[in-house]
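So you know, we letter chains A, B, ... as the sequences are listed, proteins then strands, and number each from 1. In this text the structure is predicted, and so the values were computed from the model without any measurement.
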Protein chains: 2
Amino acid sequence: MKRTFITIKDIARELSISASTVSRALKDHPDISQETKDRVVAYAREMGYQPNSIALSLKSRQSHVIGLIVPEIVHHFFSSVISGIDEVASKAGYNVIISQSNESFEREIHNTRTLLGSRVDGMLISRTKETVDYDHFRHIDAAGVPMVFFDRTCEGVNADNVIIDDKKAAFDATEYLINTGCKKIVHLKGPENLTISHQRLTGYRQALEKHAIPYKSAYVIEADNYEKGVNAVRRLLSEHNLPDAIFTVNDLTALGAISALKEGGIKIPDQVSVVGFTNGVISRLSDPPLTTIEQNGFLMGEKAAKLLLERINNEEELPSRTEVIPTKLIVRKSTY
Amino acid sequence: MKRTFITIKDIARELSISASTVSRALKDHPDISQETKDRVVAYAREMGYQPNSIALSLKSRQSHVIGLIVPEIVHHFFSSVISGIDEVASKAGYNVIISQSNESFEREIHNTRTLLGSRVDGMLISRTKETVDYDHFRHIDAAGVPMVFFDRTCEGVNADNVIIDDKKAAFDATEYLINTGCKKIVHLKGPENLTISHQRLTGYRQALEKHAIPYKSAYVIEADNYEKGVNAVRRLLSEHNLPDAIFTVNDLTALGAISALKEGGIKIPDQVSVVGFTNGVISRLSDPPLTTIEQNGFLMGEKAAKLLLERINNEEELPSRTEVIPTKLIVRKSTY
DNA sequence: ATGAAAGCGCTAACAA
DNA sequence: TTGTTAGCGCTTTCAT
């Protein structure tokens, strides 16, 4: 299977003109006579000439490629982000090279090296949970390649960040529960070592505080996946410690909670309201449909790509910016 | 923000040797003295030298990049495929440029052009539902760029295909329904234009035939998303034409069907059994959990990438191959 | 209006 | 053992 790409030289030889004339004719340069242009364009089209962007990249020192590193592709949130990135990038004439770190620090480092070798014009990164050392990112910056972090930021690295306001989102969710009459609100929180867990917990506490509801540590339980959600709620039920609302760190955990509640014969939302976080596909389709926080991954991807393109196309050093993607409470049938 | 990449020339100048010596030293060429190698390697490492793969690509006429076109990234099945592709590609030293067609024929054509321009070494494609004309794919073949289609194939195009045994999977699903006592089995099928739709319909028919259940065209309705699933079943209900089972072309449609059944007060699976197709995350979490066909996207991605790499690394023309990924019926609570 | 030549970063055949 | 040269495909001064 051998490649058969026609080049500018081929066209030049065939039409007995020089390569530079062909090049100019192809880009409608004013110096070239209409007749020559017509001949060149006609022949190029006939032969299906496709400019070699590798040669262009080498010449212009611009690859028109954006490097992307995500922890996992198979994840509704991240794939939404990727989709948003692709949308903006392709419109601007950029290609996207994708790579996943699989939450492995080693792989993340390897990915940055590869992308640097590919001379990507910029990188979009969501770091792994493991990543605590940012030298590889500083190295990218030192090479003069702009970066934008999304969802998971890196303090102290010269780059833009795109995040959501976790604290406010959690506050909104909790306040909504309070406003619909709930007083005993359990929070199923995320792992200690993630910033989002803290932020969301803080938003929850602030809402309670505002409405003079005492904070009870027994009502905050670590659970961030389906199974843990099931177990946490089963325990509450067995202790006859039924709350009137549950606010979870993500949708899957909420579904686990709902499953355990149903199992215990508890009516949702009549006896217990449930609010999730993310607004993934599943939240719309669960039974009952889940009230949740919309965390717009597509928008985050679009925004991150736009910030990156701005940086790429700006000669001057821009100051580090942090963009906050708005969230929204989506009320469905798991609450009043 | 200006790029600061060090080149072989820079190293050569600094060490007062020629560029070719540096090049050879860096790849441990036997001709070069150990001393020179040491100096070069040390300096290169110190300066963080990263070979410019664009220059390498131009020289070697190999980009080590695979082009990927999917209809939609935000889709559990496709993101699984992408993940599998990335796994194999990155291990083999290939990058993946991703692009989505958004089920638009125009965009698909545009994507193929762009990727061709990028001189990708091969393409992995799942075409849009709209695509009926394959000239743009033939053009890729004419350029000598190998292709592998996955999930959605293109008859008459010189390429490999990776599919699942849709016919058998549909047969298995339908026969399972029959074996659990169902006789009036509705099939919500996919669009005419996709081979998978036909295959799944055929499997459904063959199962009926085997068990001497007459095929009724009124029981086969085109519906391939949530809303259409809802509508199709609502119509059946309003016509008092309740089946005892529904087999759908994908999970989302099944959930739509379930939603409409619940709305009509129909018990699942007591009155109607439901079987989906794909085994995405949602199927495990729906209420009731959905019986479905496991369609291993990750494996499909891995296989497709492997076939493509084989083609890329083989000079000889290989015959068109079709690889079938095994499926499995996952029985949950939406059936007996 | 067109052509010749140089160069982007790298490799490899050929010289020395 | 190392250097010189040419060339991958293209653009772009600088001639003509």
Lys NZ or Arg CZ of B:Arg127 over B:Phe149 ring: under 6.0 Å, within 45°: no
Length of the line joining A:Ile11:CD1 and C:dG3:C1', which is rounded to integer Å: 17 Å
Check against side-chain hydrogen bond (donor to acceptor under 3.5 Å, both in side chains), B:Asn111 and B:Ser101: CA-CA 7 Å; B:Asn111 290 340; B:Ser101 59; 5.4 Å; no
N/O (side chain, A:Ser18) to phosphate O (OP1/OP2, C:dT2) under 4.0 Å: no
Salt bridge (charged side-chain N to carboxylate O under 4.0 Å, His left out) between A:Arg39 and A:Glu46, worked out: CA-CA 10 Å; A:Arg39 286 177 63 215; A:Glu46 181 195 337; over 6 Å; no
Euclidean distance, atom CD of residue B:Gln34 to atom P of D:dT1 [Å, nearest integer]: 11 Å
Residue-phosphate contact under 4.0 Å: A:Ser33 side-chain N/O, C:dT2 OP1/OP2: yes
Distance, rounded to the nearest Å, where A:Leu15 contributes CG and C:dA1 contributes C1': 16 Å
Whole-Å gap separating P (C:dT11) and CG (B:Asp28): 14 Å
Protein-nucleotide distance (A:His29, atom NE2; C:dG3, atom C1'), rounded to Å: 13 Å
C:dT11 OP1/OP2 closer than 4.0 Å to side-chain N/O of B:Ser20: no
Sugar-phosphate, base or nothing in reach of B:Ile17, heavy atoms under 4.0 Å: sugar-phosphate
Pairing of A:Glu310 and A:Lys303 as salt bridge, 4.0 angstrom limit: no
Touch class at under 4.0 angstrom, heavy-atom based, for A:Thr36 against every strand present: sugar-phosphate
Charged N-O contact under 4.0 Å between B:Asp31 and B:Arg24: no
From D:dT2, D:dG3, C:dT2, nucleotide with atom closest to B:Arg24 side chain: D:dG3
Rounded distance in Å - CZ (A:Arg13) to C1' (C:dT2): 19 Å
Rounded interatomic separation in angstrom, taking CD from A:Gln62 and P from D:dT11: 14 Å
Euclidean distance, atom CG of residue B:Asp38 to atom P of D:dT1 [Å, nearest integer]: 14 Å
Write out a two-atom table: protein N or O, nucleotide N or O from nucleotides 7-10 of chain D, distance below 3.5 Å.
residue, atom, partner, partner atom, Å
D:dG7, N2, B:Lys59, NZ, 3.2
D:dC8, OP2, A:Lys9, NZ, 3.0
D:dC8, O3', B:Arg61, NH2, 3.4
D:dG9, OP1, B:Arg61, NH2, 3.2
D:dG9, N2, A:Ala55, O, 3.4
D:dC10, OP1, A:Tyr49, OH, 2.5
D:dC10, OP1, A:Asn52, N, 3.3
D:dC10, OP2, A:Ile8, N, 2.6

Short N-O contact, A:Asp141 and A:Arg138, less than 4.0 angstrom: no
B:Ser99 side chain vs B:Leu68 backbone, donor-acceptor pair below 3.5 Å: yes
